[in-house]
Amino acid sequence: MNYRLNNNNIDVLFRTTPYAELSYFGKRLQNIQLENLEMLTPAVPNARIDVDVPFTLCPEEGLGNFSTPGLEGHRNGKDWSPVFFTKEVIQTENEITIISEDNIANLRFTSHFILDNSGVLQCQNSLINLGNEPYQVNRLSITLPIPERAQELMAFSGRWIKEFFPHRTKIEHCGYLQENRRGRTSHEYFPGIVVGTDGFKEQSGEVWGVHLGWSGNHRIQVAVKSNGKRFIQAEALYMAGEITLAKDESISTPWLYATYSDQGLNEMSQHFHDFLRGNIIKFSQNKPRPVHLNTWEGIFFDHNPDYIIQMATKAAHMGVERFIIDDGWFGKRDDDYQGLGDWYLDKRKYPNGLEPVIKHIKDLGMEFGIWVEPEMINKNSDLYRAHPDWLLELHGYNQPEGRHQYLLDLQNPAVFEYLLERLTWLLGSYDIDYIKWDMNREIVQAGHNGNPAIVGQTEALYRLIDILQEKFPHVEIESCSSGGGRIDYEILKRTQRFWTSDSNDALDRQIIQRGMSYFFPPEVMGAHIGGALCHTTFRELHMNLRGLTALFGHMGVELDPVKESEKEQKAFAHYINLHKQLRPLLHSGNSVRLDVDDPRAMQSYGVVSKDQKEAAFIIAQLSLPTYALSGNLRLTGLLTDKQYQIEILDMPDNIDPKISGHAMKVLPLWMKSQTILSGDWLMNIGLPLPVLDPATAMLIKITTK
C-alpha cells in the first residue's frame, strides 16, 4: 500500500509493502496516482546484491543496506541484524503511523509522521522490546532520504561568544558527520542543517532543512551512498550502556522537524517560524515582548538594593519594560567560585529582602525577573558540604571543574525535590514574572549510580521545568547556557526566550543572529544593546550599529544606566522606542534575508508583514566595501503591483541627509527626497546603496500607498 501526506506546498509519499519506505519528500505534486510509486523501483547495479535493496525508514544491514543502519543494538550478542516488515498503517488526515516488526528478533519499530500546514514535517521513531530478555540499544535514528541533486550542505558551528556561524561543504562523496558530546545542545554544533541544490541562496534554490529537537548529545549525518543516493540521519547520541529495554519497554527518538522549499532559505525559515508560532511557542500572556534590562554587565556580583533601585528608575525612564536581577542575589555569591546550590536570599546584600526592590520596579510599571542556575553546584557551598554525594559524577574519579562548578544529579530524587522546593519558594514568595535559567558548563562523566545518564539528566530537566510551569503558569523562562549553548525546539516547548550569545558585540551578533534566524523567529531571540566597549571582545562600536542590530530580536539592554551619560541614555531610549514602533511587525511578519552584491562586506535582512503591505530592512556594513560603490539592494517578499513609500528610520551620522556639504555626495538620489516605487521595481531593480562606513548600519521602512 502507498500513502500520502500533503499541503499546499509539500508532498510526502510512502511505500509500505513489504517494508516501509519514504519515497518522496518535496514540492507539491499535481494529479498524482499513488500506485505509480512502484515506478520508483530502480535498476539493479552490477556486481552488487542481485535484487533492489529498499532504503527503508530504518535502513537495515539485514536487507543489504551498507550505509549506517537506523538501529544498532543486541540482546546478549543476538538479534543485532533485524529486518522489519510492515504490520499496520494508521493514517488520519496529515498524520501517519507505520508499525513494523521483526518476529525473529522480537522487536517492534514504529514511525510517526505529522505534516503541519506550515510545511514542517514532524518525524519520530520508537522501538519496543517484545522479547523476554533485555535489549541493549546503541543507536536509534530518524532517516530521511534526499534526492541526488542535493549536493551542497550548510551547517552551523561555533563556540562561546561565537555561535551559529554557518559553513558550507559539497556532499558529492562520503558525506558529513557532526557529533555533539558536551551534554547540552552546545555552542559547538547546533542540531540543525540544510541541504540543497548547488549554490542555493536566500531567495533561490531547492533546500531541505532539518532540526533535531533535543537538549542533550546528538549525532547528525548526511551521507552519500556509492549508488549516488543520499540521506539525512539524526539521533540522540547514547553513551555506552545508557539504554537497555526490558520486555515491553520502549525508547523514542527526539522529534525531527523537516521542511522543503523550492524558493531558497527564506521560504524554509518561514515554514519553521510559522510552525513554531503555531505549535511550540507559548507566551504566558498575549502581549508585546517586553524590552529587558539585565543587570549582569552593569554590576556583575556587586548588589546594593539602593543602587539597583536607582538603576531601575533610570531604566524605566529609557523605556525598559522588564528589569532582571542577574547572578549574585543568593547564598554567599560574591564571585563565581562559591554559592551555587544555596538558593536562599543573601541577607548581607538584601537585609530588607527583595520586596522593596520588586515593589519599586513594579511601581515603575516594569515586570521583575531574576537569574537562577538550578542544575549547578559549587564545591564551596553549604549544599555541597551537606551533600557531596549529590554530584553528577562517577565515583572514584577526579572530575575536572568547569567554570568553577559541577552538576547536580537531577535523577537523584532528593536532588530533584530540593530544587523543586527551592524554586517553588522563590517563585511563590516573590512577585516574579520571569526567570533567566542559566546552565554554564559542559558535562563530563555524567554518572547516576555508576550508569551513564545524559538522556536521564536531560529528561529530568524537562520534568522539573514542566512542574514549575504548571505551578506558576504566569512566569516566563529564558533558556541561557553561557549564551547559546541550549537552543533547540524541545527546550523551547518549556521556555519563551533564548539568550542567543554572551557576546553583545554587534559585528559578531550580525552573524550570530542571522544564523539563528534560519530556524527561529525574532520574538524568541534575545538581542541586547551592550555598552560602547564590548566586555567579551573589547571592541568599541558606535551606538548606530549596536542599536539596529538589537532591533531585530527580543530587545533588551545590558548596562548600568546610572553610570551612562545623558547622551548615551537618550541613545538607548531612541532605539528602544524605535523597536517598540516596529515590534508588532518584527514579531509577527515573515523574516527574510537578502542576497546582496557584496556579501563579504555587507548583509541585509528584514521582516515583511504577512499581508505584504509593510516591511522593515536593515543594511549593515560589516567592513570596508569591496568596491567604491556597494551596488543595488533588491528587496523581497513584496507585492509586485503595489506602490511603496520608502522611509529612512535610522542611519549613521556620516550620511545624515539634513547636513550639507561633502556628506550629501555619498547619498543616492532616492535618499534625498520622498521616494515611491513599485514592489516589482524594488525586488528586481532595487535601490542604489549609499557609501557606509564600516561597522555602521541604516534602517528603512516601506509601506504601501
| field | Side chains of D505 and T537, donor plus acceptor under 3.5 Å | value | yes
| Is the W214 to Y489 ring centre distance short of 6.0 Å? | no
| Under the side chain to side chain donor-acceptor pair (under 3.5 Å) test, residues paired with E188 that sit two or more places apart | R182
| Residue pair S517 / R593, side-chain donor-acceptor N/O under 3.5 Å | yes
| request: Using the ring pair (Phe, Tyr, Trp, His ring centres under 6.0 Å) rule, collect all pairs that involve residues 393-415, keeping only residues at least two apart or in two chains. | output: Y337-H404
| Only one of L426, L423, L427 forms a side chain to side chain contact (heavy atoms under 4.5 Å, CB included) with V475, so which one is it? | L427
| message | Classify the ring geometry of F520 against H211: parallel below 30°, tilted from 30° to 60°, perpendicular beyond 60°. | response | perpendicular
| query | Do D650 and Y575 get their side chains close enough for a donor-acceptor pair, meaning under 3.5 Å? | reply | yes
| message | So R497 and E476, do their side chains get closer than 4.5 Å, heavy atoms only? | response | no
| query | Is any side-chain heavy atom of Q496 closer than 4.5 Å to a side-chain heavy atom of V524? | reply | no
| query | Passes ring pair (Phe, Tyr, Trp, His ring centres under 6.0 Å), W390 versus Y418? Steps please. | reply | CA-CA 11 Å; W390 281 11; Y418 168 77; 5.8 Å; yes
| request: Answer with yes or no whether the side chains of N304 and K349 bring together a donor and an acceptor at under 3.5 Å. | output: no
| field | Ring centre gap for F519 and F190 strictly below 6.0 Å | value | yes
